[in-house]
Each structure stands twice: as C-alpha cells, then as structure tokens.
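Chain A is the first sequence line, chain B the second, and so forth, proteins listed ahead of strands; every chain is numbered from 1.
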Number of protein chains: 2
Amino acid sequence: MAGVQRVGTGTNQEAVRRHNLGTLLRHVHDSGEQSRAELTGQMGLNRSTIAGLVSELDELSLIEQASPAVGRRGAGRPSAGVRIRDDGPYVVAVDLGVDRAVVARIGLGGRIWDRATAPIPHDTEAWQVGATVAGLVRQVVALSPPEAPLLGIGVAIPGLVRRSDGLVRHAPNLNWHDVSFGSIVLAALSLDVPIAVGNDADLGALSEHRRGTAVDVDDLVYLSGNVGVGAGVITGGNRLEGVAGYAGEVGHLSHDPRGLVCHCGSRGCWETVVGAPAIAEALRCPEDQVARLGEILEDMTTAPRELRSIATELGRGLAAVVNIFNPSVVILGGHFLPLFRLCRAEVTAGLTERALSPARDAVRLALPGLGGDSILLGAAEMAMEPVFVDPVASLAAAVTDAPARLAG
Amino acid sequence: MAGVQRVGTGTNQEAVRRHNLGTLLRHVHDSGEQSRAELTGQMGLNRSTIAGLVSELDELSLIEQASPAVGRRGAGRPSAGVRIRDDGPYVVAVDLGVDRAVVARIGLGGRIWDRATAPIPHDTEAWQVGATVAGLVRQVVALSPPEAPLLGIGVAIPGLVRRSDGLVRHAPNLNWHDVSFGSIVLAALSLDVPIAVGNDADLGALSEHRRGTAVDVDDLVYLSGNVGVGAGVITGGNRLEGVAGYAGEVGHLSHDPRGLVCHCGSRGCWETVVGAPAIAEALRCPEDQVARLGEILEDMTTAPRELRSIATELGRGLAAVVNIFNPSVVILGGHFLPLFRLCRAEVTAGLTERALSPARDAVRLALPGLGGDSILLGAAEMAMEPVFVDPVASLAAAVTDAPARLAG
DNA sequence: GTTGATTGTTGTTCGGGCCAACGAAATGGC
DNA sequence: GCCATTTCGTTGGCCCGAACAACAATCAAC
C-alpha cells in the first residue's frame with residue numbers, strides 16, 4: 001500500500017512506470033510468448049528499459065524468461081523469450097447463459113485451465129443461481145496451484161448491466177430486475193475479491209478483439225444471438241458503453257412497425273424477427289427447445305425457406321448496425337453463428353440491400369474465432385483488465401490462498 | 001525539427017512532457033483563464049511542475065500570465081492567472097451548409113474574431129465552392145495580427161467524410177462524390193497548412209462537448225437536421241468515428257418499411273420522415289425554401305398538426321438513438337432546434353414510447369448551447385486538436401505570416 | 001575460422017517531476 | 001497598525017526512469 005493513487009489529467013513518472021509495466025504485460029498476454037527484442041520494437045522503448053520492466057515483472061512472479069525460441073531465422077544473438085507463468089495469476093470467468101452457467105479458471109494469457117458447468121432451470125431466483133455459481137467457482141479454484149493469486153471474478157450476463165456498480169438492471173431471459181449479482185456471488189463464497197459484471201455481447205466483442213477474429217481491428221461489432229439480440233461494440237479500440245453501460249441495445253431497433261409486439265412494449269423490434277423465439281416458431285420447434293436453438297441449427301445441413309427469409313431480415317437489420325457504427329468486422333455469435341453458416345448468401349444480400357455503400361464496402365461479416373467461448377473469455381478479459389492498468393496494485397488486491405480459503 | 005516522432009505503445013519522458021504541455025493548454029482553452037493553483041489541482045501535478053509548463057508555454061507565445069483575478073475569496077497569496085494570448089495562434093473554420101458557406105477566424109480559447117459568409121448556389125461544382133471559400137479565408141485572415149500563427153483550417157461538410165484523408169465520399173446536398181475538398185481549398189489559396197475535414201454532425205457534437213451544453217458530459221449525441229439527418233456521437237469522451245469515419249449515419253435507420261423511397265435506395269428511412277424536405281412538404285412550403293426551413297420554423301409560434309405528428313416521429317426515432325448509444329444528452333441541432341422548441345411534448349412522448357427505460361431515464365434532450373455556431377466552432381476545435389497533443393510540433397507546422405502570404 | 005549482424009548487460013547520462021525550504025502576497029484577529 | 005496564518009511562486013537538490021554507449025554473447029553466412 002505504498003502511494004496514494006494520484007488523480008488528475010497530468011502524467012507523472014509513477015504513471016509512466018505503471019503504464020509501461022502494464023502494457024508490456026498486456027503484450028505478452030495478447031500475443032503469447034514474445035522475445036524481448038520483439039517487445040522492444042512494439043513498445044518503442046529502449047532495450048535497457050525493456051530489460052528493467054521484464055525483470056520487475058519477473059520479481060512479481062507474473063512472467064518467466066525462457067531460452068530463445070527455436071526455429072527463428074536471421075543472424076544475431078537470439079533474444080530471450082518472455083512468457084506468462086503457468087502458476088501465475090488467474091481469474092475466474094462466469095458465463096451465465098439462458099439455461100446453464102459455465103465457470104472457468106483462466107490464466108493470464110487466456111488459457112482455460114479448468115471448467116465447470118451446471119444447468120440453470122427457468123425462473124430460478126438470483127440467490128439460488130448465485131449459490132450454484134459459487135459451487136462451480138469452488139470446484140475450479142480447488143484445482144489451482146496453491147500459491148497462484150486470484151485476481152478477480154468476471155461475470156457475463158445476458159441483460160442490461162449498470163457500469164458504475166455492476167448492477168443487473170434488467171435481464172429478460174432470467175427474469176431479473178435490479179439484481180446485484182456480484183454481491184450475491186461474493187456473499188455465497190464469503191470472499192472479498194474484485195468482481196466485475198458485464199453484458200454478454202460486450203464481452204464477446206472484447207475477447208474477439210483481443211484474441212479472436214478481430215485482433216488487428218479496432219472497430220467491430222459482436223452480435224449476440226441468445227434469446228434476445230444485443231450488440232457489443234468496440235470502436236477506436238474502446239468498448240462502447242454509454243453513460244450507464246447500456247449502449248448497444250440493437251435488438252429493439254424498429255424493424256417493422258406493423259410487426260409483433262415485443263416484450264419491451266414496442267411493436268416490430270428486430271428481435272421479434274431474428275430472435276430465438278421467432279426462429280423457433282418459424283421452424284415449428286417446441287417452445288421448451290428455444291434455449292437449444294443453436295444446437296438445432298448446428299445440426300441442419302440445408303436451410304428451409306422460412307429460415308432463409310429470416311436470414312435476409314438479419315442482413316437488413318445488420319445494415320442499420322453497419323451504417324451506425326461503420327465497423328470493419330461484424331461477428332455473428334450465438335445462434336447467428338449456425339444461421340450465418342447456413343444462409344450466408346441471404347444475410348449478405350440483406351445487408352447489401354440496405355447499407356450505405358461506403359460503410360458496406362468497409363465491413364466484413366465473420367464467425368467468432370473463439371467459437372462458443374467468446375463470452376466466457378470476454379468475462380475473463382474484463383476481470384484481468386486492472387492488472388494491465390496497474391500490475392502492482394492489482395496484485396495487492398488479489399487473493400493468494402484462494403483454494404485454502406474456499407475449501408475452509 | 002528536433003526529435004523523430006517515436007512510435008509504440010510504451011510511454012517515454014518526451015511523451016510525458018508533450019502530454020502535460022498539451023493538457024495544460026487544453027485546460028486553459030476549455031475553461032478560459034485559470035489560476036495556476038486551479039491548474040495544479042486539476043492536473044494533479046506539483047506546483048513547481050506547473051510553473052515549468054506555464055513558463056514553457058509562455059515562451060512559445062501561446063499564453064500570457066495575468067495579475068491575480070479580482071473578486072476571489074479566502075486567505076493566502078493570490079495565484080496568477082493563465083490565459084490564452086489575444087495575438088496567439090488561431091485557426092480558420094469553415095462551415096459548408098446547404099446553401100451558404102461560413103468562414104471564421106477563431107482563436108485558441110474559442111473566440112470568434114472575424115467571420116465572412118457567401119451563398120453557395122445549388123449544384124455548384126466543388127472547385128467553384130473551393131474558390132469561394134478561399135476568398136472568404138483571405139478576408140478573415142487579412143484581419144489577423146501579423147505575427148499570429150495560423151495553426152490550420154477545419155472544414156465541416158454535410159456528408160460522409162473519410163477519416164484517413166478527409167476525402168468527401170458522398171455529400172448528397174452538394175451532389176459531391178469523392179471530392180478532396182481540402183486539397184481544392186489549399187490549392188486555391190496556394191498555401192500549405194494542416195487542413196482537416198469532418199462531418200458536420202460530428203463537429204457539432206465536438207464543440208457542444210467542449211464549450212456548449214455538454215461540457216461535463218462524456219456521452220452525447222448531436223443530431224443534425226440539415227437536409228439530411230446525421231448524428232455526431234461522443235462516447236466515453238471520444239468521437240465515434242468507425243473504421244473509415246462514417247459512423248453515426250442514423251438518418252437511414254429504417255423507420256417505416258412501407259414509407260417513401262429514400263435517395264439511398266431503401267424505403268422508409270427516418271430521414272424521409274423528419275428530414276427537411278419531408279417537413280417542408282408537410283407544411284406545404286415551396287421546394288426552393290427547403291434550405292431555409294430552419295428560419296421558417298423559427299418564425300412560427302404555434303405548431304400545426306402536421307408538424308406535431310412529425311415531432312412524434314422524431315421522438316420515436318430518437319428512441320433508437322438512445323437505445324443504441326445510451327447518451328446522457330441528445331442535442332437537437334439544425335432544424336430540429338426550432339422543431340423541438342415548438343413541439344417539446346410530442347418529441348418527448350415519442351421517445352418515451354419506444355426507448356428502454358434504463359436508457360430513457362439517463363438521457364436529457366437539449367438545445368445546442370452554441371446555437372447556430374456549433375458546427376463552425378466544432379470545425380475550429382478539430383483544427384486545433386493537434387496543438388493540444390503536441391504544442392511544439394503543431395507550432396512548427398503553423399504558418400506565421402499568413403496575412404502577408406495570402407495577400408501576395 | 002572469420003566476419004558481420006543482432007541482442008543482452010552494465011554503467012553512465014539526461015531529463016522530468018517531486019520535495020522542502022524560503023520569500024511574497026493577501027486575509028483576519030487583536 | 002501589527003502579527004500570525006494561509007496560500008502561492010521560486011529555487012535548488014533529489015529521485016526515478018528512460019536513453020545512450022560500450023562491451024560481451026550468440027548465431028548466420030561466407
């Protein structure tokens with residue numbers, strides 16, 4: 001607890017050091033093992049400066065130095081590798097889906113060490129879900145190296161999450177209103193670690209940006225198709241959040257004013273056309289299978305006509321997204337993943353029909369590079385964020401004996 | 001031309017100095033005369049550090065130190081004021097409207113020194129517009145102090161502007177496609193200064209954020225009603241641009257799929273309902289008065305029924321904007337300004353009807369605090385941006401004898 | 001084996017912000 | 001009117017971190 005955290009718009013030397021330390025760690029986290037020479041080039045700092053930063057991270061047990069990578073080319077002395085330690089810090093990520101919770105222990109560097117899953121019956125109350133999640137957290141943490149610090153917990157929720165405190169304002173699929181899920185989980189664990197809660201689509205965008213299809217892209221949209229439809233947006237390299245964190249609610253864009261009434265009260269929202277219930281109905285699936293829609297679509301090899309027309313509507317709605325955000329990638333997640341695989345032509349046609357051509361020309365539609373783990377990994381990335389801003393402070397707030405504490 | 005510009009994600013000492021120098025200047029620019037004590041508090045740096053920065057800016061002739069402000073309260077030695085020099089650097093801002101061009105000489109600090117206007121007849125070719133604008137630029141620059149440096153020119157255009165090079169991709173009202181208007185103006189002036197071109201709505205948002213209604217707000221939308229409808233968005237304090245700079249094109253959100261055909265090719269875009277031509281037609285204005293719609297609305301005291309129903313549609317469309325961006329302010333510019341004055345209740349009702357309540361509760365509708373000058377001042381802010389990033393480099397690129405050069 | 005290229009290491013230099021001490025300028029109580 | 005108090009500007013010394021330079025280590029190419 002050395003220095004008081006300084007505030008203000010100016011930059012001082014402490015801040016420089018913090019920033020450089022965090023940035024170096026982020027590079028290794030993002031791109032895997034890197035030679036010191038590569039880091040020197042990417043960060044634009046002096047060799048000796050990099051050496052100092054690396055040795056400080058080494059002393060913090062965050063990274064380890066490896067012998068030079070084999071298979072490199074070119075003359076000169078080979079540069080030592082810098083990589084994340086296997087028994088280094090980790091986070092716990094929680095992906096709360098429509099009908100199940102996935103919890104994983106994820107190390108710095110994005111490696112998923114352990115994973116546990118449990119079903120969440122429909123209309124379960126928040127505290128019960130919290131207890132279930134806490135149980136899964138205990139499972140995965142029990143498997144961690146005893147000394148490895150737990151940096152924090154990240155939770156992805158399909159709903160509106162207030163950014164200031166992580167309050168879940170409204171999660172229609174879970175039927176939650178104003179639930180402080182973070183506190184519930186911490187209480188169930190009787191543990192005090194940093195916990196962050198975020199919207200699932202936002203977190204999908206985050207992980208695809210950092211280690212998925214959109215690594216080199218600073219403007220992207222991740223479209224989540226769960227039961228509802230939401231977008232996670234990264235623009236200029238930053239998460240689009242809005243004042244309170246509710247930005248990206250594209251599911252309620254007006255698509256057809258004479259359409260069906262949506263649960264939000266309006267009529268003809270895009271969600272009523274391309275959301276899971278609408279697709280399930282078009283395919284005549286039983287209503288209790290809506291949560292499994294993704295798998296059902298995965299199993300199809302050809303698309304019936306009803307599905308193809310929905311794909312066109314997906315494309316038309318995407319045009320609005322493209323016009324508004326001018327992204328270079330739109331990633332189709334959730335049930336849009338198999339839908340896009342089946343009906344790529346229809347989606348593209350719908351998009352082309354409605355999007356303004358300069359924006360249309362700049363965009364590419366893509367599948368999530370991390371498959372079904374985008375959201376889970378995004379929750380991990382969110383929980384890791386503080387360690388890249390200030391490694392020392394973040395480690396100070398971490399829990400170093402998590403397995404013992406949670407077992408007790 | 002001292003140092004090569006370093007690149008990379010790391011921060012070095014030069015960068016710290018640049019940043020602090022620019023940030024101090026920005027504070028004085030944003031908030032007017034400030035005491036050194038206030039600057040110390042806001043920037044979180046040491047008194048002596050501030051003293052060093054101030055004296056460096058003083059030597060660059062950017063600011064001047066004034067005797068302590070009168071009317072202050074409290075004990076202690078009064079702190080000297082820091083303010084922008086009247087004969088300090090300035091920019092030239094150009095607001096290219098539908099039927100006229102406004103050019104102004106604007107100093108650091110946002111003071112409009114001189115202003116000149118000329119009509120732009122319909123369907124004038126780009127090079128002719130460039131010549132007209134160049135003439136106006138000569139007029140306003142001729143009045144500047146002979147030694148004051150011209151930092152650059154900022155141009156606001158009602159259309160899609162590519163961010164990488166300022167190319168005007170498409171400006172429907174001017175009937176321009178792929179026009180490099182910056183180069184045209186510079187050629188007409190035979191001058192080489194930094195010139196930046198931006199979208200009018202984006203620039204409206206920028207100036208309202210810096211010195212208008214939204215000074216303390218980091219998430220806002222400026223809705224421009226010219227002939228078309230566009231939005232300038234600032235989110236988390238940053239301009240929303242998208243990969244190429246086309247973000248914010250909300251005018252072509254689908255509002256009624258069975259509506260009128262829009263010039264973009266789609267049907268029932270929001271613009272076809274609340275754009276100037278639609279309002280003019282509803283009011284039975286002659287077609288050549290469309291560009292004057294704002295003034296016509298200004299002169300009205302009560303709103304006819306047709307106008308009220310358009311206001312409702314404006315509110316409904318705003319709901320989409322609010323759901324997507326979750327701003328804390330939406331500023332209604334252009335012809336939406338008088339429309340909102342006349343029909344505040346209808347707009348608000350339309351918004352409430354469709355917006356999701358958490359986002360709805362966070363937002364406030366507002367009139368531009370800078371009135372009709374938002375866009376002009378935004379163009380100035382854009383042109384000034386480099387001087388806040390690196391004052392020394394920006395001054396090196398400035399022209400110090402602009403009046404003489406342009407007169408010759 | 002020799003040469004050239006590249007990188008790590010070490011010690012030194014440079015520069016920027018911090019700190020403490022002191023003087024200056026105003027307020028307020030007596 | 002005087003003096004204690006408060007706040008601020010200035011100055012010189014200090015610390016820290018990045019840059020620089022010289023040297024050693026390592027490998028490729030000839």
| task | Look at N20(A) and dG17(D) and indicate whether a side-chain polar atom (N or O) is within less than 4.0 Å of OP1 or OP2. | result | no
| task | Classify the nucleic acid contact of R17(B) as base, sugar-phosphate or nothing, counting any heavy atom under 4.0 Å across all strands shown. | result | sugar-phosphate
| message | Measure CG/N46(A) against C1'/dT9(C) and give the value in whole Å, please. | response | 12 Å
| What's the closest nucleotide to the P78(B) side chain, out of dC18(C), dA26(C), dG17(C)? | dA26(C)
| query | To the nearest Å, how far apart are L21(B) CG and dG16(C) P? | reply | 10 Å
| Quick one: which of dA25(C), dA18(D), dG11(C) gets closest to the side chain of T49(A)? | dA18(D)
| query | Any side-chain heavy-atom pair from T235(A) and E241(B) closer than 4.5 angstrom? | reply | no
| query | Is the backbone N or O of L370(A) less than 3.5 Å from a side-chain atom of E208(A), with the two atoms forming a donor-acceptor pair by type? | reply | yes
| request: Return no unless some side-chain N or O of R47(A) is found under 4.0 Å from OP1 or OP2 of dT6(C). | output: no
| said: Taking the minimum atom-to-atom distance to the side chain of L45(B), which one of dC8(D), dC18(C), dT10(D) wins? | reply: dC18(C)
| task | Working to the nearest 0.5 Å, report the span between NE2 of H209(A) and CG of D216(A). | result | 9.5 Å
| query | Rounding to a whole Å, what distance do you find between R18(B):CZ and dG17(C):P? | reply | 12 Å
| said: Can you see if the side chain of T40(A) gets near the phosphate of dT7(C) - specifically, an N or O under 4.0 Å from OP1 or OP2? | reply: no
| request: Could you tell me the separation between the CE atom of M43(B) and the P atom of dC18(C), rounded to a whole number of Å? | output: 10 Å
| message | So S35(A), base contact, sugar-phosphate only, or nothing? Heavy-atom distance under 4.0 Å. | response | nothing
| field | L53(B) CG to dG15(C) C1', straight-line distance once rounded to whole Å | value | 13 Å
| task | Mind calculating the distance between CD1 (I50(B)) and P (dC18(C)) to the nearest angstrom? | result | 9 Å
| query | Of all the choices, dT7(C), dA19(D), dT11(D), which nucleotide is nearest to the side chain of S48(B) once you look at every atom? | reply | dT11(D)
| query | Applying the salt bridge (charged side-chain N to carboxylate O under 4.0 Å, His left out) test to E381(A), which of R26(A), R211(A), R239(A) qualifies? | reply | R211(A)
| Is the distance from OP1 or OP2 of dT6(C) to the nearest side-chain N or O of R36(A) less than 4.0 Å? | no
| side chain to side chain contact (heavy atoms under 4.5 Å, CB included) between Y90(A) and L150(A), worked out | CA-CA 5 Å; Y90(A) 65 91; L150(A) 167 61; 3.6 Å; yes
